Amino acid sequence: MKIRAFITHKQAETYSDCQDRFGINPEIKSIAVSDGMGATWQQKIWAQLLVDSFIEKTDWLPDIESIKPLCSVWREKVNDFIQELKAKNAPENMIYRNERNLAERRSAGATFVGIRFEGNKWKGSVLGDSCLIEWNGNEAKFHTSQDVETFDSYPDYFDSDESQKGKGTPRIIEGVLSEDICLIMTSDPISEFLSRHNQKGEIAEFIQQLLTVVSHEDFENLVQDWRKTGMHNDDTTLVIILYNKSCSFSMQNIDDINTLIKKEESIKQIVPIEELENKEKKTTATNKPFSDDASTFIYEFLSEFKIISKKKCKHLKSLNQATKNAAKDAFDKLLKKYSIVRK
């Protein structure tokens, strides 16, 4: 089996911000993808735990019971992260915000898809809009836990708080890989984009574009092109699995998120001091300059709106009024963040 896997971040963000995670273990022939939900907290740690737990064991499947031990591990890792912030003399407001969220038992959410191979047969589990797609050259079969025709901003997910149920029920998936079939595992930007074009009967040309991706640069270029034609701006993961008459994993080109983050950090270190000082002066203002990318603003607004509306709808009788108030509060929050002229 030939395997290629790639990952990238939202436009205008960095790899250290990326909330997607994937993992591949050639020894037990397992692959998993998890997408940390943007409106939750410390989701990249939770996504990594789900991926690692699946690819490192031969019989573990995530469900409401099996993830409970991971919930306490997640809290320990979050606490370790806070201690690292203190050791690095991070800003006090950043440390306080994380300590408060931990004390208030704020949790993380993540979608998941994972499969293991026995020979060329595969079996696994999926929850949410992270997705496995089977392509036979003519038709695409989407494996997800929800209706692929109604991808939205609130998918099924696993919650890192054991007292919370999360959303949805994991679905067992299975199949057989052959020379006539390729498998595509992906987080929601690509799965939603391909689903939309599948409904229009025009998925073949996009699958062919995707299968030509053989390097990280190819992947970055494809993501940029697809965003221009309607794919939403979000962290994006892609794993391509092709059958070559061998049941061993042939790792052709595999991204490593930690390596990508280190490359970013090394680039920052060689930026001239004068440039860094000028940048620091610009960012010390109360408000950030408004991003030229409207989709970034809209994404942040919708994320804030979801968080605030969930809280307000619990206390107000009128859903209409709750929605209006939530929208106003979310928009006001972003007005304080960006330099937008108010009338």
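In this text the structure is predicted, and so the values were computed from the model without any measurement. The figures that follow rest on heavy atoms only: side chains count, while hydrogens, waters and symmetry mates do not.
Considering only residues two or more places apart in sequence or on other chains, Glu134 meets the salt bridge (charged side-chain N to carboxylate O under 4.0 Å, His left out) condition with none of them. Evaluation of the ring-ring contact (aromatic ring centres under 6.0 Å, His included) rule for Trp135 yields no partner, not counting sequence neighbours. Checked against ring-ring contact (aromatic ring centres under 6.0 Å, His included), Phe112 has the following partners two or more places apart in sequence or in another chain: Phe54. Take Tyr243 and apply the ring-ring contact (aromatic ring centres under 6.0 Å, His included) test, not counting sequence neighbours, and it matches no residue. With sequence neighbours left out, Lys165 forms a salt bridge (charged side-chain N to carboxylate O under 4.0 Å, His left out) with no residue at all. Under the side chain to side chain donor-acceptor pair (under 3.5 Å) criterion, His216 pairs with Tyr15, Glu220, Asp255, not counting sequence neighbours.
Closest non-hydrogen pair, Phe6 versus Val214, comes out as CZ-C, 3.8 Å. In terms of heavy atoms, Ala5 sits closest to Phe22 at CB-CE1, 3.6 Å. Here the closest heavy-atom approach between residue Ile95 and residue Ile82 is recorded as CG2-CG2, 4.5 Å. When all heavy atoms are compared, the tightest approach of Gly23 to Ile55 is O-CG2, 3.6 Å.
Leu61 and Leu70 end up in the same hydrophobic cluster when Ile, Leu, Val, Met, Phe, Trp and Tyr side chains are linked at under 4.5 Å. No continuous path of hydrophobic side-chain contacts links Leu127 to Ile64 [ILVMFWY only; heavy atoms under 4.5 Å].
With no hydrogens or angles considered, no side-chain donor-acceptor pair links Ser191 and Asp129 at under 3.5 Å. There is no side-chain donor-acceptor pair under 3.5 Å between Ser195 and Asn198. With 3.5 Å as the limit, one finds no donor-acceptor pair spanning the side chains of Trp46 and Asp159.
Comment: Glu99 engages Lys86 in a salt bridge, judged by a side-chain N to carboxylate O separation of less than 4.0 angstrom. Taking a cutoff of 4.0 Å between a charged side-chain nitrogen and a carboxylate oxygen, Arg105 and Asp161 qualify as a salt bridge.
Side chain of Ser72 to main chain of Pro69: a donor-acceptor pair is present (N/O by atom type, distance under 3.5 Å, no hydrogens or angles).
Within a 6.0 Å radius of CD in Glu139, other residues, nucleotides and ligands contribute 12 heavy atoms or fewer. Dense packing is recorded around CD of Glu202, with more than 12 heavy atoms of other residues, nucleotides or ligands lying under 6.0 Å away.
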